[in-house]
Amino acid sequence: ERGEHKGWTKQELLKLRQENPEKFKEVVLQQRQHIKQRLEYLKQNNPERYNEIMQKARKTRIERLKKLKQENPEKFQEIMKKHHEIINARLEKLKTEDPQRYERIMQKRKEIRSDTKEIRSDRQDLKEAIKSGDKSQIQQERKELHQDVRERRHGIGGVRPRGAGGGRCR
């Protein structure tokens with residue numbers, strides 16, 4: 001069954017979480033450490049497989065967040081706020097520990113913001129073209145918007161940082 005690890009089933013873990021929260025936290029922490037070690041090993045010895053796994057994890061995380069945003073917007077906002085706080089704390093730490101890497105990350109963030117503004121502008125132009133009813137303009141605006149999105153996704157013209165979509169800044 002999904003969720004089974006180290007001899008625990010998902011139901012057993014849920015029960016443990018209710019009956020003994022401290023033991024549950026300990027088990028989860030051990031599992032996270034084990035996963036982190038395995039991923040680090042994979043990253044060193046099989047980078048292609050590592051990237052594949054991380055891409056799948058990002059996709060799953062994004063799907064969960066989209067679902068949560070629909071079902072419970074307040075909880076979603078709370079999670080996003082906490083996520084931003086963690087990122088900002090890591091960036092502050094990085095600012096003193098590795099200023100060059102910090103500057104590279106900040107430059108990438110600036111480029112991403114610029115790309116995002118362009119895409120928003122193209123979306124607005126498309127909305128206005130749709131309102132005007134000019135089919136050739138609509139087609140042109142759609143084409144530009146799709147091109148901007150495609151470039152950003154694939155890092156052509158835009159820079160997508162490693163781990164975008166939930167990755168860690170180390």
Side-chain angles (χ1 to χ4, degrees), residues 1-18 21 23-91 93-94 97-98 101-102 104-120 122-123 142 145-170:
E1 177 178 69
R2 186 173 180 270
E4 191 172 321
H5 62 287
K6 297 279 184 180
W8 295 89
T9 65
K10 187 174 182 179
Q11 286 79 18
E12 288 171 336
L13 286 172
L14 292 173
K15 184 178 178 184
L16 181 64
R17 183 172 160 187
Q18 289 178 339
K23 176 70 175 171
F24 173 78
K25 287 178 185 178
E26 181 183 317
V27 168
V28 169
L29 181 61
Q30 288 173 351
Q31 184 61 16
R32 285 183 180 161
Q33 289 171 340
H34 179 71
I35 290 170
K36 189 175 181 179
Q37 289 171 347
R38 290 177 61 191
L39 285 172
E40 192 58 40
Y41 174 83
L42 200 55
K43 185 177 183 181
Q44 298 296 322
N45 296 297
N46 190 347
E48 291 173 4
R49 179 72 177 131
Y50 171 81
N51 288 333
E52 185 181 306
I53 289 170
M54 296 309 290
Q55 194 66 22
K56 185 177 179 183
R58 281 185 205 101
K59 185 177 179 182
T60 301
R61 190 170 38 252
I62 289 169
E63 289 170 4
R64 284 186 190 152
L65 286 171
K66 284 180 179 178
K67 183 178 178 185
L68 181 63
K69 186 176 182 180
Q70 292 294 321
E71 294 175 356
N72 190 344
E74 296 83 22
K75 180 71 174 175
F76 173 80
Q77 287 296 327
E78 180 183 319
I79 288 171
M80 297 288 34
K81 183 179 179 186
K82 191 181 290 187
H83 178 71
H84 286 277
E85 290 170 0
I86 290 169
I87 288 174
N88 289 334
R90 287 181 181 157
L91 285 172
K93 184 177 177 186
L94 195 60
E97 291 178 359
D98 190 349
R101 184 157 187 233
Y102 171 81
R104 285 193 313 268
I105 290 170
M106 296 312 289
Q107 181 61 36
K108 286 180 182 181
R109 289 179 98 190
K110 186 177 178 180
E111 291 171 9
I112 289 170
R113 284 189 189 109
S114 175
D115 290 346
T116 302
K117 285 180 184 178
E118 273 184 54
I119 290 171
R120 285 188 180 140
D122 286 349
R123 281 177 42 196
R142 283 187 72 205
L145 177 60
H146 286 157
Q147 183 64 32
D148 283 350
V149 170
R150 202 173 302 116
E151 286 176 356
R152 180 161 184 260
R153 275 195 187 138
H154 299 290
I156 305 166
V159 179
R160 186 171 186 215
R162 182 181 140 272
R168 293 183 174 181
C169 296
R170 295 178 208 237

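Distance check: Glu97 CD to Arg90 CZ gives 12.0 Å after rounding to the nearest 0.5 Å. Atom NZ of residue Lys25 and atom CZ of residue Arg17 lie 10.5 Å apart, to the nearest 0.5 angstrom. For the atom pair NZ of Lys56 and NZ of Lys59, the computed distance is 9.5 Å after rounding to the nearest 0.5 Å. The distance from the NZ atom of Lys66 to the CG atom of Leu68 is 13.5 Å, given to the nearest 0.5 Å. Atom-to-atom distance recorded for Thr60:OG1 and Leu65:CG is 11.0 Å, nearest 0.5 angstrom.
For CD of Gln18, the number of neighbouring non-hydrogen atoms (other residues, nucleotides, ligands) closer than 6.0 Å is 12 at most. Within 6.0 Å of CD on Glu48 lie no more than 12 heavy atoms contributed by other residues, nucleotides or ligands.
Of the charged side-chain nitrogens involved, at least one lies within less than 4.0 Å of a carboxylate oxygen, so that Glu52 and Arg49 count as a salt-bridged pair. Salt bridge Lys75/Glu78: present, at least one basic N to carboxylate O contact under 4.0 Å.
Of the possible donor and acceptor atoms, one in the side chain of Asn51 sits under 3.5 Å from a partner among the backbone N and O of Pro47.
Side-chain atoms of Gln107 and Arg104 form no donor-acceptor pair, as typed in the model, at a separation below 3.5 Å. For Gln44 and Glu40, the side-chain atoms include at least one donor-acceptor pair closer than 3.5 Å.
Looking at heavy atoms from C-beta onward, Arg113 lies in side-chain contact with Arg109 at the 4.5 angstrom threshold.
Evaluated for a side-chain contact (heavy atoms from CB on, under 4.5 Å) with Ile105, the options Asp98, Ile87, Leu91 yield exactly one hit, Leu91.
Between Tyr50 and Leu39, the shortest heavy-atom distance links the atoms CD1-O, 3.5 Å. Residues Phe24 and Leu13 share a closest heavy-atom pair of CD1-O, 3.5 Å.
Remark: Tyr41 pairs with Asn45 by the side-chain contact (heavy atoms from CB on, under 4.5 Å) rule, at least two apart or across chains.
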Dump the intermediate steps for side chain to side chain contact (heavy atoms under 4.5 Å, CB included) on Arg58 and Gln55, then the final yes or no.
-> CA-CA 5 Å; Arg58 281 185 205 101; Gln55 194 66 22; 3.0 Å; yes
